[in-house]
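Below, all heavy atoms of this structure are taken into account, side chains as well, without hydrogens, waters or symmetry copies.
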Amino acid sequence: MLVRQVAVVEEVVEGATFGTFPVPRVLRLVRYVTMKWRYGRTPSWSKRGVHLRENGRCAYCERPGDTVDHIVPVSRGGPSDWLNTVLACGPCNNRKRDRTPAEAGMRLLVTPRVPPWGEVLFR
């Protein structure tokens with residue numbers, strides 16, 4: 001922020017520096033910068049993101065989940081995206097195999113959704 005002159009140092013920690021800059025105690029924002037990369041689109045799908053979205057719980061039985069399951073299997077043309085994937089434990093994923101939850105007689109306890117940035121970015 002100091003390099004880009006988005007903020008200026010109002011108060012410093014005496015005797016401490018960070019490179020060529022004094023360590024700030026108080027910063028004053030000079031101009032507001034919109035992060036278009038963050039607010040202009042949704043988060044990209046990832047296995048880690050699915051794990052964070054589901055809080056580490058299986059979408060079928062709520063035990064700890066360790067695999068990503070496709071609701072419509074990839075073998076049937078199901079995409080790897082937020083609305084087609086959920087977290088599953090090994091036994092539930094094996095039981096479902098390459099079928100849809102309805103065909104496997106399993107019920108989803110969560111509704112797949114696109115998570116907000118804060119849910120997958122800084123955790």
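Across all their heavy atoms, P73 and K96 have their closest contact at CG-NZ, 4.4 Å. Annotation for N84 and P79: closest pair ND2-O, 2.8 Å, computed over non-hydrogen atoms. Closest approach of H51 to G65, counting heavy atoms only: NE2-O, 3.8 Å. Here the closest non-hydrogen pair linking N93 and A88 is CB-CB, 4.2 Å.
Hydrophobic clustering (side-chain heavy atoms under 4.5 Å, transitive across Ile, Leu, Val, Met, Phe, Trp, Tyr) keeps V50 apart from I71. There is no path of hydrophobic side-chain contacts, each under 4.5 Å, that joins L2 to V23. In the hydrophobic clustering of this structure, V68 does not group with V74; members are Ile, Leu, Val, Met, Phe, Trp, Tyr whose side-chain heavy atoms approach within less than 4.5 Å, directly or through other members. F18 and V13 fall within a single hydrophobic cluster, where Ile, Leu, Val, Met, Phe, Trp and Tyr are joined by side-chain heavy atoms under 4.5 Å apart, directly or via other members. Both V114 and L87 sit in one connected hydrophobic cluster of ILVMFWY residues. Membership requires side-chain heavy atoms under 4.5 Å apart, directly or through other members.
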- Passes side chain to side chain contact (heavy atoms under 4.5 Å, CB included), L27 versus V8? Steps please. CA-CA 6 Å; L27 284 175; V8 294; over 6 Å; no
- Message: Could you walk me through whether E14 and V12 satisfy the side chain to side chain contact (heavy atoms under 4.5 Å, CB included) test, starting with their C-alpha distance in whole Å, then the side-chain angles of each, then the deciding distance to 0.1 Å, before giving a yes or no?
- Response: CA-CA 6 Å; E14 293 299 322; V12 299; 3.9 Å; yes
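E54 places a side-chain heavy atom less than 4.5 Å from the side chain of V86. Side chains of R99 and M106 form no contact here, defined as non-hydrogen atoms less than 4.5 Å apart. No side-chain heavy atom of Y60 sits less than 4.5 Å from a side-chain heavy atom of R95. With contacts defined as side-chain heavy-atom distances shorter than 4.5 Å, the pair R4/M1 qualifies.
The environment of Q5 atom CD is sparse: at most 12 non-hydrogen atoms of other residues, nucleotides or ligands sit within 6.0 angstrom. Within 6.0 Å of the CZ atom in R76, the count of heavy atoms belonging to other residues, nucleotides or ligands exceeds 12.
The structure places CG of D69 at 8.0 Å from CG of L108, a figure rounded to the nearest 0.5 Å. In this structure, CD in E119 is found 7.0 Å from CG in N55, a value given to the nearest 0.5 Å. In this structure, L109 CG and C58 SG are separated by 7.5 Å, a value rounded to the nearest 0.5 Å. Here T85 contributes atom OG1 and K47 contributes atom NZ; the two are 10.5 Å apart, rounded to the nearest 0.5 Å. To the nearest 0.5 Å, atom CZ of residue R97 and atom CD of residue E103 are 10.5 Å apart. Taken to the nearest 0.5 Å, the CZ atom of R28 stands 13.5 Å off from the CD atom of E11.
Checked by atom type and distance alone, the side chain of W82 never pairs as donor or acceptor with a backbone atom of G49 at under 3.5 Å. In terms of modelled atom types and a separation under 3.5 Å, the side chain of T100 and the main chain of V72 share no donor-acceptor contact.
Taking the six-membered ring for Trp and thresholds of 30 and 60 degrees, W45 and H70 have ring planes inclined between 30 and 60 degrees apart.
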